[in-house]
Number of protein chains: 6
Amino acid sequence: MSATPAPLHRMQYLPMLRSALSEDLGAAGDLTTDAIVDPATSARADVVARTAGRVAGLDVATATFGLLDDDITVDRNVRDGNDVTARTVLATVRGSARAILTAERVALNLLGRLSGIATATAALVAAVDDQRTQIVPTRKTTPGLRLLERYAVRAGGGMDHRFGLADGVLIKDNHIAVAGGITAAVGRARDRVGHMVNIEVEVDTLEQLEEAVALDIDAVLLDNMDSATLAAAVRRTPERIITEASGGVTSATVRAVAASGVDLISVGWVTHSAPALDVGLDFSPTS
Amino acid sequence: MSATPAPLHRMQYLPMLRSALSEDLGAAGDLTTDAIVDPATSARADVVARTAGRVAGLDVATATFGLLDDDITVDRNVRDGNDVTARTVLATVRGSARAILTAERVALNLLGRLSGIATATAALVAAVDDQRTQIVPTRKTTPGLRLLERYAVRAGGGMDHRFGLADGVLIKDNHIAVAGGITAAVGRARDRVGHMVNIEVEVDTLEQLEEAVALDIDAVLLDNMDSATLAAAVRRTPERIITEASGGVTSATVRAVAASGVDLISVGWVTHSAPALDVGLDFSPTS
Amino acid sequence: MSATPAPLHRMQYLPMLRSALSEDLGAAGDLTTDAIVDPATSARADVVARTAGRVAGLDVATATFGLLDDDITVDRNVRDGNDVTARTVLATVRGSARAILTAERVALNLLGRLSGIATATAALVAAVDDQRTQIVPTRKTTPGLRLLERYAVRAGGGMDHRFGLADGVLIKDNHIAVAGGITAAVGRARDRVGHMVNIEVEVDTLEQLEEAVALDIDAVLLDNMDSATLAAAVRRTPERIITEASGGVTSATVRAVAASGVDLISVGWVTHSAPALDVGLDFSPTS
Amino acid sequence: MSATPAPLHRMQYLPMLRSALSEDLGAAGDLTTDAIVDPATSARADVVARTAGRVAGLDVATATFGLLDDDITVDRNVRDGNDVTARTVLATVRGSARAILTAERVALNLLGRLSGIATATAALVAAVDDQRTQIVPTRKTTPGLRLLERYAVRAGGGMDHRFGLADGVLIKDNHIAVAGGITAAVGRARDRVGHMVNIEVEVDTLEQLEEAVALDIDAVLLDNMDSATLAAAVRRTPERIITEASGGVTSATVRAVAASGVDLISVGWVTHSAPALDVGLDFSPTS
Amino acid sequence: MSATPAPLHRMQYLPMLRSALSEDLGAAGDLTTDAIVDPATSARADVVARTAGRVAGLDVATATFGLLDDDITVDRNVRDGNDVTARTVLATVRGSARAILTAERVALNLLGRLSGIATATAALVAAVDDQRTQIVPTRKTTPGLRLLERYAVRAGGGMDHRFGLADGVLIKDNHIAVAGGITAAVGRARDRVGHMVNIEVEVDTLEQLEEAVALDIDAVLLDNMDSATLAAAVRRTPERIITEASGGVTSATVRAVAASGVDLISVGWVTHSAPALDVGLDFSPTS
Amino acid sequence: MSATPAPLHRMQYLPMLRSALSEDLGAAGDLTTDAIVDPATSARADVVARTAGRVAGLDVATATFGLLDDDITVDRNVRDGNDVTARTVLATVRGSARAILTAERVALNLLGRLSGIATATAALVAAVDDQRTQIVPTRKTTPGLRLLERYAVRAGGGMDHRFGLADGVLIKDNHIAVAGGITAAVGRARDRVGHMVNIEVEVDTLEQLEEAVALDIDAVLLDNMDSATLAAAVRRTPERIITEASGGVTSATVRAVAASGVDLISVGWVTHSAPALDVGLDFSPTS
């Protein structure tokens with residue numbers, strides 16, 4: 001099984017990659033490698049998945065090596081969105097031994113994190129594969145890495161949600177509290193935002209749902225409802241309004257939640273708490 | 001139980017915080033809050049731990065609110081390094097409702113991640129509390145967040161390891177392969193690096209250990225050894241050389257590893273795979 | 001008449017303001033003022049509209065003075081979105097004469113440009129005031145200033161359109177050419193984008209319109225149609241799909257275009273070709 | 001007719017170009033193109049002037065495409081400073097369809113703006129072609145784009161003025177007010193600035209002119225004078241002092257102003273209010 | 001004796017100061033101070049000149065402390081441009097002991113360097129005090145510090161020269177070689193540059209001088225001439241053209257060079273090779 | 001004689017190089033070269049040492065030319081760390097005359113400064129060549145250039161010291177004053193810092209030395225001691241603790257200081273006060 005997200009442009013991640021490498025290099029650089037490895041030494045290194053999982057971030061991660069040496073080459077065996085078994089060689093990097101050893105940790109940190117997110121997402125997606133429900137991410141991402149973590153969710157087979165605060169109106173309980181009610185909040189939003197912006201409203205109860213779906217909204221976020229309430233909520237929501245369930249959905253519960261018929265299930269933990277995939281580098285000097 | 005890391009200077013994290021907020025704001029800003037919340041509305045928000053854990057990043061996270069409004073005030077009830085029970089109010093934020101709602105997600109993302117790391121570390125530290133072994137982190141951190149994640153480890157009671165490639169020599173298997181042996185690698189490093197730089201050597205076997213400890217090194221990394229080998233390795237290492245065990249150590253195995261008598265146990269997963277602590281904001285408009 | 005856009009956060013424009021001031025200061029600073037004006041001299045300066053128009057950017061522009069001196073004060077007489085007559089004093093700046101003279105040009109350049117955009121927009125909005133049609137901007141903005149220029153359009157009474165490439169799908173002729181048809185293009189987009197993203201399709205003919213409105217789209221861009229075709233197009237578009245007219249609409253033609261019944265008229269020239277409003281500074285030393 | 005400004009170095013504008021592209025890409029990138037266009041699709045696109053005008057910014061604008069794909073090629077048919085008729089193909093871009101479509105708007109926004117400035121300047125220059133008077137720009141430029149807008153003025157046949165506050169002393173009415181007179185102001189400036197810095201003084205009346213030209217100054221700015229006063233002013237100014245007329249000069253009045261014999265006429269509106277030239281992209285997929 | 005340069009704006013040097021502090025702090029911060037000094041400890045520190053000299057950079061250097069703590073206060077006893085004797089307390093810094101100790105080295109590095117430049121310049125200025133000749137700097141400054149080093153020259157009593165490549169035309173031997181002669185080079189420059197830009201020509205011989213002074217130039221650089229040739233050159237140069245001598249002028253030779261009657265003597269070594277002034281911090285904890 | 005420091009990665013210095021070039025280019029660029037030199041003109045330029053010395057920074061400095069033109073080639077005759085005689089051609093640069101002339105000053109400023117540091121260091125190193133003592137640098141470097149200046153020290157044959165505040169604990173008199181004694185200060189540091197961090201203590205007297213060497217420290221800084229005291233201090237320090245002498249050591253005194261038997265002599269002046277090496281460019285147009 002696989003999902004193929006549209007590739008990112010290099011200008012979308014190179015600055016982040018340079019910062020990450022600078023963070024590890026510090027001011028004085030790689031003391032160990034600089035002392036031990038002759039700049040003329042070449043090497044070959046296989047990027048290997050130590051455990052099975054869904055790959056994400058292979059292009060991004062291996063671009064790290066090229067930041068240190070223009071002549072590094074990378075041959076990929078798999079693509080982002082592919083599932084791999086343990087011990088799969090994902091890609092082979094060839095070139096300056098010094099560049100490979102110095103960039104190794106940054107490359108693996110990224111690849112492990114993004115593949116971990118894709119793997120966790122893919123498991124959820126697989127669990128509801130026979131249903132119409134789609135898995136979507138949240139804004140609970142790592143500061144500075146949202147673009148890549150969202151990309152990893154897509155590699156895991158998830159759909160997208162709004163990227164950030166500027167990409168859609170999501171009216172939450174606190175907005176409702178300030179506005180003095182759902183109807184007032186939606187009214188103000190509808191008056192202000194352009195025609196390309198969708199409005200989603202978070203509701204905690206069926207009463208709130210009733211108020212929300214009577215308004216000109218595009219989606220409704222059914223927050224922390226039990227299965228019965230969720231199913232009732234889906235039934236009471238008109239077809240034209242997207243339903244999204246959220247709140248502590250895990251691999252164990254995702255099928256039950258999907259059974260309610262919701263369009264979307266959003267999960268924060270795939271980006272904030274999924275364990276990294278174990279990836280490593282099998283290295284050998286070649287000259 | 002608690003650990004109090006030296007506080008960070010604001011200039012060490014404000015640029016990261018600005019980037020994180022910009023990432024969420026996008027170009028067009030918080031469409032929802034801007035449409036619904038009057039700029040003159042004030043609010044009070046309690047930052048709450050939804051589950052028990054060790055707090056880290058409270059100053060950093062709450063500084064996010066101040067980036068959007070100079071008049072925000074933050075009153076803290078606990079300090080980084082404190083253990084808290086579920087439903088503890090960690091801090092109270094007062095000021096512009098608009099600023100609080102817009103900065104909320106970035107603040108919580110950081111606080112949850114850092115407290116998650118501190119909580120995971122604290123559990124390991126507690127498990128070996130009656131022993132001399134200390135828990136230390138690795139370079140397997142999130143790109144761009146190493147400073148904060150290392151701080152979180154200290155808040156969890158961990159000691160520090162080298163921050164990055166420039167802060168100590170750690171000779172790994174690949175360096176040894178390039179140099180043609182441990183003795184050659186250490187020799188080159190000792191000739192090159194200054195007197196403030198320590199040298200640690202990674203060894204996989206007792207034979208390698210024997211070669212390493214005969215050299216002028218400061219620490220030895222005992223990689224992926226079983227308990228018996230580890231204990232033997234510790235016995236064969238002279239007092240003056242620090243011993244560090246690494247490789248898949250979990251809460252379940254940490255006591256057994258510590259029983260070998262190693263000085264340090266390094267754990268990558270506390271920074272790359274620890275789940276975030278569940279933190280939230282209890283918000284109420286005040287005017 | 002006036003329109004009040006939600007105020008921007010200072011962190012959304014201060015970096016741009018610093019760059020603009022640095023661009024004018026160069027490396028060596030304001031040679032004239034530094035040579036002539038004693039740092040201790042104070043002054044008062046009225047920011048004045050030399051001609052009538054709609055104000056936009058007053059907070060942003062006057063924040064420039066504060067970048068050079070913490071003790072500058074600004075008292076505003078009007079707000080963004082207000083209409084003013086010629087010779088209106090918009091705000092009064094008090095403080096260091098040196099800071100005021102050095103920052104003057106940057107402040108006026110911004111205020112003039114943004115107010116020019118607001119003024120042009122307001123004229124279009126006024127022309128169709130008795131109709132349901134709204135004026136919206138395009139992505140034809142000045143590189144680096146889109147946030148502010150879009151804000152100025154809102155101050156002029158315009159609604160918003162998608163901010164950039166990431167904020168909605170707008171399928172243009174070239175996308176249709178690549179996809180091999182409207183149906184194919186919409187299909188691919190619908191499969192890929194999340195539920196918060198709207199899809200708009202550009203059509204040049206009624207045949208294309210027919211194909212487009214049969215699909216699951218949210219808006220249709222009626223490009224460069226004459227009045228009769230436009231009216232026909234609006235009639236053939238179902239209520240649930242927003243209609244947008246574009247293509248060379250001016251103050252002279254906007255009423256006629258609106259008469260077709262379109263929901264939105266988009267105009268690029270208000271951001272790329274509107275003349276700046278004439279604003280100046282009436283300055284007097286006070287000590 | 002044409003004017004050939006010295007080409008800019010790429011490092012002088014690439015950072016601005018990257019910012020402009022980032023502004024349009026947002027965090028999530030080009031949703032439309034990413035969803036619809038296969039990364040392997042190639043295309044050819046002609047950059048076309050829709051109306052006649054003077055070209056400026058062709059190298060800069062077309063460099064945008066290369067930021068997204070290293071293999072883009074650009075063949076230019078004209079050079080900056082050339083006059084073109086409507087429907088002229090200025091350049092042909094070949095390569096990744098995805099890169100071309102995503103970068104299109106930024107490239108056209110820049111090319112349109114800069115060519116608009118060049119076109120407006122060229123019209124003024126042509127109007128006084130048979131006279132010794134030269135057209136010069138002011139500091140009334142768009143924040144962040146002064147380098148490019150000044151370049152566009154040169155492509156239009158204009159001469160240069162001081163770039164910013166650090167590139168010459170221009171003593172204006174407010175400086176004179178602070179100093180307590182022209183003589184005092186010039187004295188302070190002459191004492192302070194180096195031998196490579198010229199001093200120009202703004203005067204509103206013939207009395208002020210008389211005071212100014214008696215001093216060691218290099219140029220005099222004759223501000224907002226009517227034709228008769230201007231002519232008198234030019235006569236009373238010694239040969240060694242450059243005369244510059246400013247204040248609301250348009251295409252309609254420029255010949256009359258030049259008839260006064262002034263050396264320079266400065267016009268702010270060519271940079272702050274000139275309409276953009278209408279430029280577009282004729283695109284066709286090639287594979 | 002003293003010279004008072006116009007003060008710099010904080011925005012002109014704060015970014016450089018932040019970079020310098022970050023360079024010293026590294027990623028992990030001040031390990032020593034963080035481990036030893038309680039954040040609550042206050043201190044007082046006198047900034048002291050260990051040897052006599054001319055002060056420059058006191059405001060800039062002491063601003064470093066404020067970057068780490070908002071509550072630091074600085075009381076200055078002298079101003080930039082003042083001469084001080086050994087052991088003079090230049091300023092007293094009070095506030096967080098931690099901030100003072102961490103920022104100390106960056107502050108002293110800057111103050112020592114800038115005061116060293118001012119001291120060297122002041123010695124040259126004093127040596128020709130009874131003559132009309134002025135001392136000017138070159139572009140031989142430290143990368144990244146030109147603004148501050150030029151300021152230090154002014155604090156030493158020197159005049160300014162062009163700041164960089166954009167601030168005046170200086171035609172050197174290599175430009176002449178490319179152009180095929182002085183006359184051709186000056187002609188091209190005069191045609192291209194605006195009226196605020198002065199033109200200076202470097203000449204090595206009296207023959208070259210003769211060619212140069214016949215042209216419309218503003219200054220002539222007499223490069224590496226012996227005293228007799230220099231005197232002859234000054235005599236042959238018309239009054240309206242500034243003469244500048246350059247080439248290995250030291251404290252020992254500056255009077256002899258000035259005796260030739262040149263207007264300016266430029267010296268590169270005051271910025272690239274002047275020894276730093278010895279400055280230190282006398283520190284005492286106060287609580 | 002020569003010393004070969006490990007080469008720096010280009011990403012470690014390119015941003016600094018771009019800033020330095022931007023500083024010189026200003027906003028408007030190289031007015032002289034742009035006016036006089038046709039973009040199509042090629043040239044050859046020899047980078048020449050005008051006086052004898054030790055070379056450092058040749059790769060870094062010549063990379064400046066490539067920032068302005070991709071087709072520049074550089075052929076090096078020597079390597080960093082080599083000694084050269086006066087008039088040695090260090091490297092030959094070929095390519096765009098415009099790029100060479102515009103980048104010349106930045107390239108030479110860097111090469112001169114770094115070679116000056118290397119030359120000064122090499123003289124000290126040579127003076128103690130027959131002894132075990134090594135020369136090490138301090139943190140008294142130029143803001144923004146520490147990485148390069150430290151590299152130059154290594155090219156001069158010096159060893160390294162801690163790079164900055166994060167790379168080792170150096171307990172100075174002020175830290176001792178705050179802590180209330182050496183023992184307390186060392187105790188706090190040892191408790192806080194990781195096993196890869198060495199601790200060095202500054203002592204002024206033999207009494208302080210006695211207290212320090214009884215503690216678990218790695219090095220001792222013998223500050224400003226006379227020869228006899230220094231020799232006594234070395235004798236009283238156990239073998240396992242590194243001894244470092246500091247305080248006004250010059251070429252004249254370095255042998256005497258080394259005779260005390262100290263391991264290291266640290267010298268601040270090689271980075272803050274060494275005169276630049278005289279380097280120049282011999283340029284000739286080739287087409």
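Proteins get letters first, then strands, A, B, ... in listed order; numbering begins at 1 in each.
Contact of the B/T121 side chain with the B/R54 side chain is not registered, since no non-hydrogen atoms from C-beta on lie closer than 4.5 Å. Taking 4.5 Å as the limit, every side-chain heavy atom of B/D59 sits out of range of all side-chain heavy atoms of B/L8.
Residue B/S19: no heavy atom, backbone or side chain, is found under 4.5 Å from chain A. No part of B/S284 comes within reach of chain A, as not one of its non-hydrogen atoms sits under 4.5 angstrom from that chain. Both the backbone and the side chain of B/V178 have a heavy atom closer than 4.5 Å to some heavy atom of chain A. Contact annotation for B/R162: only side-chain heavy atoms (C-beta onward) come within less than 4.5 Å of a heavy atom of chain A. B/V186 does not touch chain A: none of its heavy atoms, backbone or side chain, sits under 4.5 Å away. Looking at B/P143, both its backbone and its side chain come within 4.5 Å of chain A, counting heavy atoms on both sides. With a 4.5 angstrom heavy-atom cutoff, B/L101 touches chain A only via side-chain atoms. Both the backbone and the side chain of B/R139 come within contact range of chain A, each with at least one heavy atom under 4.5 Å from a heavy atom of that chain.
Comparing A/G187, A/A189, A/A179 by how many heavy-atom pairs each has under 4.5 Å with chain B, the most go to A/A189.
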Practice task
Start with the C-alpha distance between B/R98 and B/D38, add both sets of side-chain angles, then the distance that settles salt bridge (charged side-chain N to carboxylate O under 4.0 Å, His left out), and finish with yes or no.
Solution key: CA-CA 7 Å; B/R98 198 178 166 234; B/D38 190 284; over 6 Å; no
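A salt bridge links B/D160 to B/R150: at least one charged side-chain nitrogen sits closer than 4.0 Å to a carboxylate oxygen.
Among residues two or more places apart in sequence or in another chain, the side-chain hydrogen bond (donor to acceptor under 3.5 Å, both in side chains) test is passed with B/D46 by B/R44, B/T92.
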